[in-house]
Visitor: 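I have a structure here, written as structure tokens, and I will follow up with some questions on it.
One-based numbering, in listed order, for ligands and for the atoms of each. Side-chain atoms are counted along with the backbone in the values below, which use heavy atoms only and exclude waters and symmetry mates.
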Amino acid sequence: MITMKFGGTSVGDLQRLQDVASIVQSYVPERPVVVASAMSGVTNLLLETATHALHRDAEAVKKNIESLKEKHLNVANTLLKDAARHRELINNQTTLIEELANLYRGVSLLKELSSRSLDAIASYGEILSCLQLAALLKDYNVPVEFVDARTLIRTDHHFGEASVDFDVTNRNIQTLLLPKVEQGIVPVITGFIATTDDCITTTLGRSGSDYTGSIVGAALDADEIWIWTDVDGVMTADPRYVNGAKVLPEISYREAAEMSYFGAKVIHPKTMMPAIEKNIPIRIKNTFNPSYAGTLISKKSGSSGSVVKNITSIDHLSIVSIEGNGMMGVPGVSARIFSSLARVGVNVMMISQASSEHNVCFVVPQKDCERALAELRKEFDIDLARKMIDDITVEDQVSIVAIVGEGMKGTRGIAGKTFTAVANADVNLVAIAQGSSELNISFVVKQAEVRKAVQAIHDVFHLN
Ligand code: ASP
Ligand code: MG
């Protein structure tokens, strides 16, 4: 049994939907369990329309609902051959879109848009998408059944990014879904969405369909969990940045998690968790090249030769430095910094403190930097006035570069080789951090220089 997750681009237009249908059809003997996302762009459109509704921009709401309707009805009208099935899908789609329009009306009337309402609204993307995929697969003679994940996946009330209750969820999947699979049914399950124990719709966080795929695969004890995407697998670096970037045949769960935290947009970081627990391999596969093996993510790191597996980078960041003699040996300064950031919901991506304790610096998304800075100035106003802290400074337009590889642990000279390569490429290092897991070395450079740095490291470790 193989769980297969198809993302938004894979189900995002007529051609791609037909490709997906052929792929699923060809794997029927392996007993596939399908999980799919909303059509690409739809989740964003749904959420953006909610904001228009909140601002009572009825014109914009109407326009977006029309475009949503057109997008989905077009799939039904163009792809479905069976007349009865076509009629049924059109009816379902129309009813769902009317419901959605009512939700937007509610938001407008109340002038209130909670994260709970946003989840309810966002859920329509996956429902519309999976209903049409299921109908299409029936046309391809696949014995499918549409499954709303809300009947299976139970979460807490943390709307927008809810936490899964695995006891209830696994039990539901084993008692409600497994018997269907055993009967030879191919379920088509909505990614991303779930419910609370009192039946309120939640979501698992943006791009959460990968996570759904892995939750389902783990609960079913699948042989493998496949994440279908539009590249051949996890690469040594972003091929748009680096000449000679190539696909990694095998990486470990830990490497995959580390890479996804540092910007390799291949897989949602949480996806690894359920798979690790059951020791089920995850495979990244390309819908454009379905016979290619892809990248296998499992317990072992594989033997690709180099200890460094991959170099990733994240752009559009700011580095904030807090400096002052008054910080030395004073407990609680870091706690105050990070509590301030947590209060305003700013995610810290990297931290570095020299052992002199004279300077603490950390990296945040540039879009959040102003908010972070305002809160920090408030928190430290007295310290700043008394010159305990000299200044809080910001440098925008920086990037984090991370090199990842399980074999780096205990191998000497990796950092030396990396930084020599960066220096030889004439790139200045703004800050450095290495986690004690030794799985990752990350550093900050000016965004304008990031390509040069990544290429230099890729070359020095012969990743091509
Ligand atoms: N449709 C959701 C999103 O765009 C979930 C997903 O695509 O995985 O975030
Ligand atoms: Mg997506």
Side-chain angles (χ1 to χ4, degrees), residues 3-13 16-17 20 33-51 64 67-68 71-72 75 93 96-97 100 103 115-134 146-150 152-153 155 158-164 187-195 201-218 225-231 234 256-257 260-261 263-275 282-287 297 347 365:
T3 305
M4 300 187 169
K5 178 263 173 176
F6 294 94
T9 47
S10 301
V11 296
D13 66 40
R16 306 295 309 273
L17 272 163
V20 168
V33 173
V34 175
V35 173
S37 302
M39 294 177 85
S40 63
V42 166
T43 309
N44 285 340
L45 186 73
L46 290 168
L47 298 176
E48 181 197 300
T49 311
T51 310
N64 287 1
S67 98
L68 195 75
K71 202 176 170 90
H72 289 90
V75 172
Q93 286 173 327
L96 285 164
I97 291 169
L100 184 65
L103 290 184
S115 45
R116 172 172 160 169
S117 309
L118 281 170
D119 276 0
I121 288 166
S123 72
Y124 282 78
E126 268 65 16
I127 298 170
L128 285 163
S129 162
C130 290
L131 272 174
Q132 73 190 15
L133 178 60
F146 166 80
V147 176
D148 187 331
R150 292 176 297 183
L152 304 172
I153 301 178
T155 67
H158 194 103
F159 299 103
E161 186 155 3
S163 294
V164 174
V188 177
I189 309 167
T190 54
F192 181 54
I193 66 175
T195 62
T201 301
T202 54
T203 61
L204 305 178
R206 291 308 305 270
S207 304
S209 296
D210 288 354
Y211 189 33
T212 308
S214 157
I215 293 167
V216 171
I225 296 161
W226 289 5
I227 308 289
W228 287 94
T229 160
D230 43 19
V231 291
V234 181
S260 46
Y261 282 120
K265 288 185 195 67
V266 183
I267 193 167
H268 189 274
K270 278 188 187 163
T271 312
M272 265 63 73
M273 227 173 51
I282 300 172
R283 198 182 282 278
I284 311 294
K285 296 270 291 177
N286 188 355
T287 47
I297 306 172
N347 182 31

Visitor: Is S209 touching ligand 1 with its side chain, its backbone, both, or neither, if touching means heavy atoms under 4.0 Å apart?
Guide: both
Visitor: Taking side chain to side chain contact (heavy atoms under 4.5 Å, CB included) as the definition, give me every residue that meets it alongside T9, ordered by chain and number, with sequence neighbours left out.
Guide: R16, S40, D230
Visitor: Quick one: does L118's side chain get under 4.5 Å of F159's, heavy atoms only?
Guide: no
Visitor: Heavy-atom contact check, 4.0 Å cutoff: does S207 meet ligand 1?
Guide: yes
Visitor: Using a strict 4.0 Å cut-off to heavy atoms of R206, name the atoms of ligand 1 that fall inside it.
Guide: 3 (C), 4 (O), 9 (O)
Visitor: Identify which one of D210, D119, I193, I215 satisfies the side chain to side chain contact (heavy atoms under 4.5 Å, CB included) criterion when paired with L204.
Guide: I215
Visitor: Does ligand 1 have any atom sitting under 4.0 Å from a heavy atom of E126?
Guide: yes
Visitor: Within the 4.0 Å heavy-atom shell around T43, which atoms of ligand 1 are there?
Guide: 1 (N), 2 (C), 3 (C), 4 (O)
Visitor: Just by modelled atom types, is the S37 backbone N or O under 3.5 Å from a matching donor or acceptor in the E126 side chain?
Guide: no
Visitor: Who pairs with L96 by side chain to side chain contact (heavy atoms under 4.5 Å, CB included), at least two apart in sequence or on another chain?
Guide: E99, Y124, I127, L128, L131
Visitor: Does even one non-hydrogen atom of G8 get within less than 4.0 Å of ligand 1?
Guide: no
